[in-house]
Number of protein chains: 2
Amino acid sequence: MSMLPNRKVYHGVLDEIQNFIVENDLKPGDKLPSERELSEKLQAGRSSIREALRAMELIGVIETRRGEGTYLSKYRPYQTVELLSSFILKQTTKEELLLVKMLLEKEAAKLAYLHIDEEKINTLSVMMDNPSLDSKEKHFAFFCYLMELTNNQLLMRIWGLIDEYSKSFTGNYSKDFYCNLINVYKTKNYSAIESLFKEVKEYDFM
Amino acid sequence: MSMLPNRKVYHGVLDEIQNFIVENDLKPGDKLPSERELSEKLQAGRSSIREALRAMELIGVIETRRGEGTYLSKYRPYQTVELLSSFILKQTTKEELLLVKMLLEKEAAKLAYLHIDEEKINTLSVMMDNPSLDSKEKHFAFFCYLMELTNNQLLMRIWGLIDEYSKSFTGNYSKDFYCNLINVYKTKNYSAIESLFKEVKEYDFM
DNA sequence: AATAGTTAAGTGGTCAGACCACTTGAAGCG
DNA sequence: CGCTTCAAGTGGTCTGACCACTTAACTATT
C-alpha cells in the first residue's frame with residue numbers, strides 16, 4: 001500500500017479495496033473479505049479498515065450485513081443520491097437536470113436500436129400495457145430495459161443516478177410517446193428517434 | 001441520540017453532528033468540537049465518532065487538520081464526485097466510457113448550436129489554430145468551450161468527470177473533424193452534426 | 001433416516017485505552 | 001522585547017476486548 005507522507009491510512013485502504021474489486025472482477029452483490037482479513041492483508045488496524053468501509057457505505061458503494069459480511073451494493077445508491085442532492089445537484093437547476101436526463105434517454109433509445117429484436121420489442125409492449133404500473137413506474141421500467149439493451153453499464157448508472165434524484169419532480173413523456181418509439185423499432189426507422197424526442201422536449205416533459 | 005433497534009451508532013452521530021451544525025449556525029470554515037469531546041457529549045466511543053467523521057470527510061463536508069481540529073469544509077464537494085467516479089468508472093470498460101463521452105460531446109455540440117454566434121465560432125477557429133496546444137489540449141479546450149455554451153452545468157460536470165478519468169487513454173477526433181463542426185455552425189446546418197459524429201465513431205475514435 | 005435443537009465459528013458493531021505526530025500558545029529565559 | 005522550550009490539545013492509528021447476529025456443522029430426538 002502506497003505510503004506517501006501525509007497520506008491517511010484509510011485513503012490507502014480505499015484504493016486497495018478498489019483495486020481488489022477490479023482485479024477480482026467483483027460485481028454488485030459479491031462479497032468482500034472480512035474486516036479482520038483486510039486488516040491483516042493490508043497491514044492496517046481494523047479501525048482504519050472500518051473507517052474506509054463506513055465511508056464507502058455512506059456513499060452507497062457497499063452494503064454491510066451484521067454477522068454475514070460486507071457486500072458490493074446492488075446498485076441502489078440511495079445515500080449517494082441524497083448526498084449528491086444536498087451538495088452537488090442542488091446547484092443545478094431542474095431544467096438542466098431534466099434536459100440531461102432526456103438526452104441520455106434519447107441516446108439510449110438510439111443505442112438500444114442496434115440490439116433490439118422482435119421479442120424484445122414485444123417485451124416493451126407488454127410492459128406498457130401492464131395495468132399494475134402507474135405512469136412513472138412505466139417510464140422507469142421502459143427506459144431501464146432500454147438502458148440494459150445498450151450494453152453500457154456506465155450510461156445506465158449515470159442515468160440511474162439522475163433518475164433517482166429527480167424522482168420527486170420528474171415527469172413522464174406523453175402516453176403516445178412510448179408507443180411511437182416502439183413503432184419506430186418495429187418499422188426500423190432509426191432516424192425517427194431523434195425527432196421523436198424533439199417533440200417531447202416541448203409540450204409535456206414535466 | 002435516537003436509538004432505534006437496528007440503528008448504527010455512527011448514523012446517529014451523523015445526525016447529531018448535522019444538528020449541531022444547524023443549531024449553532026456553523027458556516028464553512030468553522031470548527032467542530034474535538035473527537036474526544038464529541039465522544040463524551042454523544043455518549044459514543046471515539047471510534048464511532050471517527051467513522052462518522054471520516055465518512056463526512058470523504059464526502060467533502062468537513063476537513064480535518066492534524067493537531068488542529070475538524071472544520072466545516074470551505075470547498076464544495078468535488079470529492080464526492082471524484083470518489084463516486086473512481087468507483088463507478090473503474091468498473092467500466094474503455095469502450096463504454098469513450099462511447100458515453102462521445103455521446104455527451106455530440107449532444108453538447110447540438111445544444112451549443114442554439115447559442116452560438118459568429119464571434120463565438122471565430123473563437124473556436126482561433127483555438128484550433130493555436131500552435132501552442134497539442135491535439136489533446138485542443139480537443140479539451142474545444143469541447144470545454146462548447147460545454148459552456150450549452151448553459152448546462154450538469155452536462156459539463158459529467159463530461160468533465162469522464163474526461164478527467166479517461167485522460168490517459170482517450171483519443172481525439174480527426175484533424176478535420178473540428179473544422180467540419182465549425183463549418184456546420186457557420187453554414188447553420190444543424191442536422192449535419194449527428195452524421196458528423198457518426199463517422200467519428202468508426203475510423204479514429206480509438 | 002429425517003427432523004428439530006444445540007453449539008461453535010465467523011462476522012460486523014462498539015468501546016476503552018494506549019501511543020504517535022503535529023499544532024498551538026503560554027511560560028520561561030535571555 | 002524577542003526567542004526558545006514545553007505542555008496541552010488534537011487528529012491518526014493500533015490493539016484487544018466484548019457484544020449481537022448469522023450460518024453451518026453437529027447432536028439428539030423422533
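Below, chains carry the letters A, B, ... as their sequence lines are ordered, and counting in each starts from 1. Computed over heavy atoms, backbone and side chain alike; hydrogens, waters and symmetry mates excluded. Given the structure is predicted, the values throughout are model-derived calculations rather than measurements.
Regarding contacts with the backbone of C:dC15, a side-chain N or O of B:S48 is found under 4.0 angstrom from either OP1 or OP2. At the phosphate of D:dG12, OP1 or OP2 sits under 4.0 Å from a side-chain N or O atom of B:R54.
A:L114 contributes atom CG, which lies 10.0 Å from atom OG1 of A:T150 (distance to the nearest 0.5 angstrom).
A:S39 comes within 4.0 angstrom of no nucleic acid atom, judged by non-hydrogen atoms across all strands.
If you take CD1 of A:I49 and P of D:dT15, they are 11 Å apart, rounded to a whole angstrom. B:E40 places its CD atom 15 Å from the C1' atom of D:dT10, with the value rounded to the nearest Å. Atom CG in B:L14 sits roughly 16 Å away from atom C1' in C:dG13 (whole-Å rounding). In this structure, A:Y10 places its OH atom 9 Å from P of D:dT13, rounding to the nearest Å. Atom-to-atom, CG of B:L38 to C1' of C:dC15 comes out at 16 Å; the value is rounded to the nearest Å. At whole-Å resolution of the value, CD1 in A:I62 and P in C:dT11 are 15 Å apart. As rounded to whole Å, 13 Å separates atom P of D:dC18 from atom CZ of A:R36. Between the CG atom of B:L53 and the C1' atom of D:dT10 there is a distance of 12 Å, rounded to whole Å.
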Output a table of nitrogen or oxygen pairs between the protein and nucleotides 22-24 of chain D separated by less than 3.5 Å.
residue: D:dT23; atom: OP1; partner: A:E68; partner atom: OE1; Å: 3.4

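Every residue two or more places apart in sequence or in another chain that forms a ring pair (Phe, Tyr, Trp, His ring centres under 6.0 Å) with A:Y178 is listed here: A:H139, A:F142. In this view, B:K31 satisfies the salt bridge (charged side-chain N to carboxylate O under 4.0 Å, His left out) rule with no residue, not counting sequence neighbours. A:E194 is linked by a salt bridge (charged side-chain N to carboxylate O under 4.0 Å, His left out) to A:K106, A:K110, B:K110, counting only residues two or more places apart in sequence or in another chain. B:F140 meets the ring pair (Phe, Tyr, Trp, His ring centres under 6.0 Å) test with B:W159; sequence neighbours excluded.
In this structure, of D:dC14, D:dG11, D:dA17, it is D:dG11 that holds the atom nearest to the side chain of B:R46. Ranking C:dG13, C:dT14, D:dT10 by closeness to the B:E51 side chain, first place goes to C:dT14. Which of C:dG13, D:dT13, D:dC14 sits closest to the side chain of A:T64 comes down to C:dG13. Side-chain atoms of A:S47 lie closest to D:dC14 of the nucleotides C:dG12, D:dG11, D:dC14. Nearest to the side-chain atoms of B:V9 among the listed nucleotides C:dT14, D:dG11, D:dC14 stands C:dT14. The side chain of A:K31 lies closest to C:dT11, out of D:dG11, D:dG12, C:dT11.
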- request: Begin with the C-alpha distance, continue with both residues' side-chain angles, and end with the deciding distance and a verdict on side-chain contact (heavy atoms from CB on, under 4.5 Å) for A:S125 and A:I182.
  value: CA-CA 7 Å; A:S125 288; A:I182 290 176; 3.8 Å; yes
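Applying the salt bridge (Lys or Arg N to Asp or Glu O under 4.0 Å) rule to pairs touching residues 40-51 of chain A yields A:E35-A:R46, A:E35-A:R50, A:E37-A:K41, A:R50-B:E51, A:E51-B:R50, A:E51-B:R54, sequence neighbours excluded.
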